[in-house]
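In what follows, a single structure is set out as structure tokens and then discussed.
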2 protein chains.
Amino acid sequence: MSRGESSETGARILAAAEDLVIREGVSRLTLDSAAQEAGVSKGGILYHFPSRAALVSAMVERFVVSFEADLVERQAYSKEPGAFTRAYLEATFDPREAPADCREIRLGGALLAGVTSDPELLKPMRERFETWQAALEQDGIPAEVATVVRLAADGLWLSDLFELAPVSAEARAEVRAQLLALLERAISNRS
Amino acid sequence: MSRGESSETGARILAAAEDLVIREGVSRLTLDSAAQEAGVSKGGILYHFPSRAALVSAMVERFVVSFEADLVERQAYSKEPGAFTRAYLEATFDPREAPADCREIRLGGALLAGVTSDPELLKPMRERFETWQAALEQDGIPAEVATVVRLAADGLWLSDLFELAPVSAEARAEVRAQLLALLERAISNRS
DNA sequence: ACAAGTATACCGTCTGGACGGTACAGTACC
DNA sequence: GGTACTGTACCGTCCAGACGGTATACTTGT
């Protein structure tokens with residue numbers, strides 16, 4: 001289907017497209033603008049990604065895989081109860097790429113927002129969320145506690161994305177502590 | 001700027017546009033499609049809303065006002081601590097228009113997703129969120145508890161909107177109970 | 001009372017630009 | 001001689017917005 005990021009130029013195109021999407025949103029991502037951003041011709045883009053949709057799809061895929069990797073890393077293969085829930089919480093509250101604009105997080109939202117026209121493009125993201133939710137429910141703590149943590153984390157993401165009353169750094173730390181306390185309580189209370 | 005919904009036809013256009021957006025997303029809202037849906041000509045639309053952006057903007061405004069009214073109604077002017085937080089929680093978990101697909105909630109998300117191209121259109125929504133967040137922080141309970149509730153509610157909204165591992169009705173009730181318990185604990189523990 | 005003028009509420013066509021995608025000829029490197 | 005492009009030219013579609021027109025109601029001067 002698409003040569004994608006297997007090649008050097010393909011990866012550069014993808015990265016440039018991501019920059020563009022983060023800066024201006026998916027709706028402003030055109031083949032021409034992406035070509036310009038990547039320093040490549042339009043033909044060059046279509047050589048690597050057979051259509052605009054394929055390009056967007058590759059971005060979604062990459063985003064999902066990246067967050068997934070973050071989760072795995074944080075969990076560090078711990079099997080303790082609540083480990084996955086904690087990883088999810090921390091991955092959202094203290095993103096890896098803290099520097100300034102938190103590229104990855106913003107990208108996800110821009111993508112999320114931009115692909116509503118074509119539900120097919122959201123499919124990989126939907127599938128991952130289902131997987132994560134399932135993992136949360138099997139995390140050795142009550143499912144409703146894990147779900148509360150997940151929803152709050154997702155809510156934080158939402159507020160960051162669209163800048164809907166974003167939570168300040170201090171408040172964020174307090175909220176994080178509150179959720180961790182909830183988590184600890186659930187761990188020590190389990191039967 | 002726009003005659004808007006002050007007239008009968010203006011309101012009909014707005015309602016028709018909302019239906020269209022809920023069904024197909026903002027990207028599919030064109031002047032032509034809206035005209036057809038409303039049983040009005042394209043010129044007729046532009047008479048009431050001077051541009052497509054004005055139409056979308058009116059929808060955002062209406063959505064925000066509607067949710068706001070829901071909050072006020074649920075709060076019923078109670079001044080008890082946690083009243084606003086509880087109202088926010090319940091407005092999200094048990095939407096007024098329960099029937100089927102919950103029109104209002106879906107509309108908000110479709111709008112949210114669709115207006116990323118023009119950040120200006122989100123402004124009224126941003127302002128409201130700031131107001132609500134401020135109210136939550138002044139609700140007579142610790143701000144971090146109120147914020148956790150808000151974030152979880154927003155997270156639920158997000159998951160519904162994009163169908164990202166949506167929470168089942170039973171799980172939703174349990175999560176709601178969990179958050180209410182957190183709220184009650186905060187109320188009884190306040191100094 | 002009645003013509004003339006004016007404002008309101010639309011209708012429907014046209015245009016110009018943006019964009020996705022195609023086609024293809026050419027280039028440079030390995 | 002194939003792989004990896006560049007560059008240009010072009011097609012078809014979609015769509016916002018402009019614009020000229022129309023029908024009806026309401027006002028105003030006489």
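Residue numbers start from 1 in every chain, and the chains themselves are labelled A, B, ... in the order their sequence lines are given, proteins ahead of strands. All of these numbers come straight from a predicted model, not from anything done at the bench.
The separation between A:Arg12 atom CZ and D:dC5 atom C1' is 11 Å, rounded to whole Å. We find that CG of A:Leu55 is positioned 14 Å from C1' of C:dG21, with the value rounded to whole Å. We find that OH of A:Tyr47 is positioned 14 Å from C1' of C:dT27, with the value rounded to whole Å. Separating the NE2 atom of B:His48 from the C1' atom of C:dA9 is a distance of 6 Å, rounded to the nearest angstrom. Atom pair A:Leu46:CG and C:dG20:C1' shows a separation of 8 Å (rounding to whole Å applied).
In this structure, CG on B:Leu179 lies 11.0 Å from CD on B:Glu90, to the nearest 0.5 angstrom.
In this structure, A:Ser78 contributes its side chain and A:Gln75 its backbone to no donor-acceptor pair below 3.5 Å.
Ring geometry for B:Tyr88 versus B:Phe84: interplanar angle of 30 to 60°, hence tilted.
Looking at residues two or more places apart in sequence or on another chain, you find a salt bridge (Lys or Arg N to Asp or Glu O under 4.0 Å) between B:Asp70 and B:Arg74, B:Arg96. Scanning for side chain to side chain donor-acceptor pair (under 3.5 Å) contacts around A:Arg172 gives A:Asp160, with sequence neighbours left out. Qualifying side chain to side chain donor-acceptor pair (under 3.5 Å) partners for A:Thr30, counting only residues two or more places apart in sequence or in other chains: A:Ser33.
Environment of CD in A:Glu184: crowded, with over 12 heavy atoms of neighbouring residues, nucleotides or ligands closer than 6.0 Å.
Residues from residues 30-38 of chain A lying near DNA chain C, meaning a heavy-atom separation below 4.0 Å, are A:Thr30, A:Leu31 in numerical order.
Residue A:Arg52 places its side chain closer to C:dG20 than to any other of C:dC14, D:dC5, C:dG20. Of the listed nucleotides (C:dC11, D:dT6, D:dG17), D:dT6 has the atom at the smallest distance from the side chain of A:Ser41.
Counting only residues at least two apart or on different chains, the salt bridge (Lys or Arg N to Asp or Glu O under 4.0 Å) pairs with a member in residues 125-149 of chain A are A:Glu68-A:Arg128.
Side-chain atoms of A:Lys42 come within donor-acceptor range of the base of C:dG21, with a qualifying N/O pair under 3.5 Å.
Note that the two end axes of the helix from C:dA1-D:dT30 to C:dC30-D:dG1 enclose an angle of 30°, each drawn from 5 base pairs, rounded to 10 degrees.
Residue B:Leu29 is classed as a sugar-phosphate contact, given heavy-atom separations below 4.0 Å to backbone atoms only.
A sub-4.0 Å separation between OP1 or OP2 of C:dA9 and a side-chain N or O of B:Thr9 is absent.
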>> Using the rule given for ring pair (Phe, Tyr, Trp, His ring centres under 6.0 Å), can you reason through A:Trp157 versus A:Phe162, listing the C-alpha separation, both sets of side-chain angles and the distance that settles it, and then say yes or no?
In response: CA-CA 9 Å; A:Trp157 184 47; A:Phe162 298 104; 8.6 Å; no
